[in-house]
Engineer: 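This structure is in structure tokens; I'll ask about it shortly.
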Protein chains: 4
Amino acid sequence: MTGRPRSAAARAAILRAALAELGERGYAALTVEGIAARAGAGKQTIYRWWPSKADVVLDALLETAAERIAVPDEGSLRADLDAFLAATFSQSGQHGVLTGLMAQSVLDPAFAQAFRERFLASRRAALRGLLERARARGEVDAGADLDLLVDVVYGTLWYRMLVGHAPLDAEAGRRLAALVTDAARPGRPG
Amino acid sequence: MTGRPRSAAARAAILRAALAELGERGYAALTVEGIAARAGAGKQTIYRWWPSKADVVLDALLETAAERIAVPDEGSLRADLDAFLAATFSQSGQHGVLTGLMAQSVLDPAFAQAFRERFLASRRAALRGLLERARARGEVDAGADLDLLVDVVYGTLWYRMLVGHAPLDAEAGRRLAALVTDAARPGRPG
Amino acid sequence: MTGRPRSAAARAAILRAALAELGERGYAALTVEGIAARAGAGKQTIYRWWPSKADVVLDALLETAAERIAVPDEGSLRADLDAFLAATFSQSGQHGVLTGLMAQSVLDPAFAQAFRERFLASRRAALRGLLERARARGEVDAGADLDLLVDVVYGTLWYRMLVGHAPLDAEAGRRLAALVTDAARPGRPG
Amino acid sequence: MTGRPRSAAARAAILRAALAELGERGYAALTVEGIAARAGAGKQTIYRWWPSKADVVLDALLETAAERIAVPDEGSLRADLDAFLAATFSQSGQHGVLTGLMAQSVLDPAFAQAFRERFLASRRAALRGLLERARARGEVDAGADLDLLVDVVYGTLWYRMLVGHAPLDAEAGRRLAALVTDAARPGRPG
DNA sequence: TCGTAAGCGAGACGGTACGTCAGGTCTTAAT
DNA sequence: ATTAAGACCTGACGTACCGTCTCGCTTACGA
């Protein structure tokens with residue numbers, strides 16, 4: 001009736017192997033066979049629990065401690081945005097993984113939903129919370145479209161990550177923070 | 001010594017087949033074999049002239065008349081941006097193709113360069129030209145980071161195209177145009 | 001310390017399921033998983049008691065009442081052989097099972113021994129007993145190689161079952177009985 | 001229109017590899033992957049030309065020079081049969097291959113037809129030709145069922161090969177030859 | 001004008017990975 | 001201790017495409 005319970009060891013080994021393969025070979029070269037072989041797991045065990053290799057990577061990513069979202073509270077919108085973007089930009093080692101997941105999300109609608117709901121949404125919520133706090137302090141126009149502001153910030157980040165035509169460094173973060181702070185200020189035209 | 005020249009018919013048939021497959025099956029299901037079969041061409045003919053299937057799609061896309069970039073000149077930045085975004089958003093039928101190419105560009109660095117230089121660059125240049133005209137008219141701060149503004153506009157567009165969490169309609173275009181116009185206005189803090 | 005005794009119900013369900021699968025799908029498609037699923041038994045229960053799926057089938061076969069060996073005693077060798085072959089041929093519904101077991105016995109030496117000792121041997125002994133009785137009556141040459149005669153009879157049967165190039169009907173039985181009766185007669189050259 | 005022609009080298013390498021794997025591991029352990037790997041061929045190349053691994057083995061077997069059928073002509077039925085059986089028994093190294101093919105032929109009807117028509121039929125025809133010659137010489141009863149005689153000979157051989165309960169040596173060949181010669185003699189009862 | 005060099009459709013080739021199936025082993029809770 | 005359930009590792013299956021390679025056949029140049 002009950003059956004053998006799922007092996008936590010196998011799950012951990014698979015997630016660990018996925019990250020290792022990602023690091024060594026990159027997202028494009030990732031294969032289910034490779035992950036299974038490195039994890040000492042059967043392919044079936046992967047297919048039993050994850051619909052695609054991208055879901056494995058997503059789970060692995062979400063379990064990484066470094067993935068915790070920093071929500072700064074510096075007292076002013078500008079300082080908060082600076083800190084938020086600096087924290088986000090500092091994880092540049094994961095750009096390859098993130099863009100790989102975004103690519104997969106384009107190619108596989110089922111994964112797109114998981115990616116949106118389990119990864120992107122929490123980051124959007126964090127940034128939105130930051131903006132809402134600023135609005136409560138009167139730093140953001142009461143009628144501002146906060147979702148659009150979130151999209152402007154993350155859109156610019158993702159666009160540069162994906163296209164790679166411009167740097168994602170501290171200076172870029174400061175300029176983007178300044179632009180957004182200004183665009184959100186009270187009294188702007190609607 | 002010269003040999004038989006390249007067949008324009010084969011080239012056209014291949015591009016046509018690529019677009020047809022794209023339309024019927026979507027980017028993820030695209031295969032070189034499928035394109036060749038539908039075009040009545042040999043696979044070798046494709047590999048002889050294009051390094052990857054994404055390059056075929058890119059060529060096909062660039063040859064589409066609808067792909068011509070509209071660079072409006074309405075007399076004011078706000079009106080120009082409105083028109084520019086409206087024109088861009090109206091091509092929503094191609095979102096699947098565009099996001100597919102972006103995905104491919106993540107997975108294949110060689111294609112990424114082609115995509116950046118042959119597709120994205122000209123669109124960025126068009127938008128930048130629009131902003132430069134506005135700056136010459138005094139509608140944009142002299143010290144504004146025009147490249148950042150371009151990234152903000154295209155970043156937001158691509159982000160919404162890729163994630164699909166928010167609409168890309170006329171209203172969204174107007175709000176984005178308003179935000180950018182305001183952020184670029186002279187006298188804003190740096 | 002003795003633990004739960006073997007479940008007769010499980011054993012019966014497994015044998016029943018094996019026969020049912022055999023009938024519906026044929027020997028080649030038989031799987032331990034399929035038998036277990038249909039029997040509502042665990043795979044382990046099968047592996048605990050039978051070394052291979054063929055052994056399950058062998059047990060199932062040996063338990064079938066129809067499998068009882070008819071050893072006729074009609075008073076003459078010819079009549080006995082006729083009856084024996086007629087009885088054997090009449091079980092033509094089991095040809096698929098029998099040839100399946102013979103195939104398995106080729107592919108698995110461990111099963112081959114079980115098949116030989118638990119199934120084939122008793123049938124050979126029955127036929128040999130029939131011939132010995134005939135020899136005691138003087139219908140068979142004292143120096144005849146009874147084992148060879150048994151092989152000739154069963155060899156011809158199995159060959160036709162396996163190859164399927166010629167019928168195994170009443171007429172074929174009579175001809176074979178006549179041939180063997182004649183070949184075994186006293187006074188034949190050695 | 002034509003396409004690249006089939007590679008004779010690949011075909012030969014595959015047949016050679018199949019025989020080598022057979023010799024080293026036996027029929028039961030034969031895999032398409034193993035054959036492909038040893039032949040340095042792609043699996044698809046095997047699947048393109050042969051419906052199953054057994055068909056590969058059959059082709060390999062038919063190409064072996066040692067497989068030529070010896071049809072002796074010694075002047076008398078008894079001597080012919082002795083020679084025929086001796087020649088057949090001498091190829092005992094191939095028993096494993098032959099029984100493997102017979103097993104496959106039980107499990108796969110499509111292969112059964114190929115095995116019957118391309119392998120068994122020619123051997124049956126050779127033996128039948130030998131018996132027909134004897135009948136023309138008056139050594140075989142005019143009304144004898146030659147097909148039954150062929151089945152008796154091959155049936156006995158196959159039965160001993162498959163079951164392995166009795167030797168297939170020169171002495172066994174002589175006894176079988178004697179039995180068949182006697183059973184076929186003119187004037188026997190019908 | 002005619003050879004020849006390259007392009008062309010076709011399709012076989014060696015590979016890699018896919019997602020599935022079944023094998024035989026193991027680990028639970030329940031009996 | 002045995003059972004049903006079912007997860008586990010293993011290994012082979014047959015398929016899909018990859019990118020390369022030969023074929024026989026055009027086609028247009030240039031000697």
Side-chain angles (χ1 to χ4, degrees), chain A residues 1-11 13 29-37 39-49 51-53, chain B residues 1-11 13-14 29-37 39-49 51-53, chain C residues 1-7 9-11 13 29-37 39-49 51-53, chain D residues 1-11 13-14 29-34 36-37 39-49 51-53:
Chain A
M1 331 232 160
T2 3
R4 179 177 177 174
R6 177 169 182 184
S7 157
R11 184 186 131 91
L30 208 62
T31 66
V32 172
E33 299 218 322
I35 296 172
K43 283 200 288 177
Q44 196 63 247
T45 302
I46 296 182
Y47 285 113
R48 191 165 12 239
W49 302 110
S52 81
K53 68 182 179 187
Chain B
M1 318 263 164
T2 22
R4 177 177 178 174
R6 178 172 182 184
S7 156
R11 185 187 129 91
I14 288 165
L30 210 61
T31 67
V32 172
E33 299 220 326
I35 297 172
K43 283 201 290 176
Q44 193 63 246
T45 303
I46 296 182
Y47 284 114
R48 201 176 350 250
W49 301 110
S52 80
K53 70 179 179 186
Chain C
M1 297 290 161
T2 26
R4 177 175 176 177
R6 177 169 182 186
S7 156
R11 185 186 131 90
L30 209 62
T31 66
V32 171
E33 301 219 324
I35 296 172
K43 284 201 289 176
Q44 193 61 248
T45 304
I46 296 183
Y47 284 115
R48 198 173 353 250
W49 302 108
S52 80
K53 70 178 180 186
Chain D
M1 332 221 159
T2 3
R4 179 175 177 175
R6 176 170 183 183
S7 157
R11 184 186 131 90
I14 287 165
L30 208 61
T31 66
V32 172
E33 297 218 322
K43 282 200 289 176
Q44 196 62 247
T45 302
I46 296 182
Y47 285 113
R48 193 166 10 240
W49 301 110
S52 80
K53 67 181 179 187

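The sequence lines fix the lettering, A, B, ..., with proteins before strands; numbering per chain opens at 1. Model, not experiment: these values are computed from the prediction.
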Engineer: If I take atom CZ in residue D:Arg11 and atom P in nucleotide E:dG14, what distance separates them, rounded to the nearest angstrom?
Structural biologist: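 Going from CZ in D:Arg11 over to P in E:dG14 covers 14 Å.
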Engineer: Give the minimum heavy-atom separation between D:Gly42 and D:Ala36, together with the two atoms involved.
Structural biologist: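 Heavy atoms of D:Gly42 and D:Ala36 come nearest at C-CB, 4.2 Å.
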Engineer: Among F:dA4, F:dC8, E:dC8, which nucleotide sits nearest the side chain of A:Ala10?
Structural biologist: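 Nearest to the side-chain atoms of A:Ala10, counting from C-beta on, is F:dC8.
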Engineer: Taking for each residue the nucleotide of DNA chain E bearing the nearest heavy atom, is the 5' side occupied by B:Gly42 or by D:Ile14?
Structural biologist: B:Gly42
Engineer: Is the shortest side-chain N/O distance from D:Arg48 to OP1 or OP2 of E:dC13 below 4.0 Å?
Structural biologist: yes
Engineer: Indicate the atoms forming the closest heavy-atom contact of B:Val32 with B:Ile46, along with that distance.
Structural biologist: O-CD1, 3.9 Å
Engineer: Check if the side chain of D:Lys43 and the base of E:dG15 share a donor-acceptor pair of N or O atoms closer than 3.5 Å.
Structural biologist: no
Engineer: Less than 4.0 angstrom between a side-chain N/O of D:Arg4 and OP1 or OP2 of E:dG11, yes or no?
Structural biologist: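 Result: no.
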Engineer: May I have the distance from B:Leu30 (atom CG) to F:dA16 (atom P), rounded to whole angstrom?
Structural biologist: 17 Å
Engineer: Does NZ or CZ of B:Arg11 lie under 6.0 Å from the centre of the six-membered ring of B:Trp49, at an angle within 45° of the ring axis?
Structural biologist: no
Engineer: Would you say B:Trp49 reaches E:dC8's phosphate, i.e. side-chain N/O to OP1/OP2 under 4.0 Å?
Structural biologist: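 For E:dC8, OP1 or OP2 has a side-chain N or O of B:Trp49 closer than 4.0 Å.
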Engineer: I need the minimum non-hydrogen distance between C:Leu30 and C:Lys53, along with the two atoms involved.
Structural biologist: O-NZ, 3.0 Å
Engineer: Which residue, B:Ala39 or A:Gln44, contacts DNA chain E at a nucleotide closer to its 5' end, judged by nearest heavy atom?
Structural biologist: B:Ala39
Engineer: Send over the distance from C:Glu33 CD to F:dA4 C1', rounded to a whole Å.
Structural biologist: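 So the CD-C1' distance, C:Glu33 to F:dA4, works out to 14 Å.
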Engineer: D:Arg6 has a side chain; which of F:dC17, E:dA12, E:dC8 sits nearest to it?
Structural biologist: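 The closest nucleotide is E:dA12.
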Engineer: Between B:Ser52 and D:Lys53, who's closer to the 5' end of DNA chain F by nearest nucleotide?
Structural biologist: D:Lys53
Engineer: Is B:Thr2 near enough to E:dA6 that one of its side-chain N or O atoms lies under 4.0 angstrom from OP1 or OP2?
Structural biologist: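 The answer is no; no side-chain N or O of B:Thr2 sits under 4.0 Å from OP1 or OP2.
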Engineer: What integer distance in Å separates C:Tyr47:OH from F:dA4:P?
Structural biologist: 15 Å
Engineer: Which atom pair, heavy atoms only, marks the closest approach of A:Ala39 to A:Ala13?
Structural biologist: CB-O, 3.5 Å
Engineer: F:dG11 phosphate, OP1 or OP2: any side-chain N/O from D:Thr31 under 4.0 angstrom?
Structural biologist: no
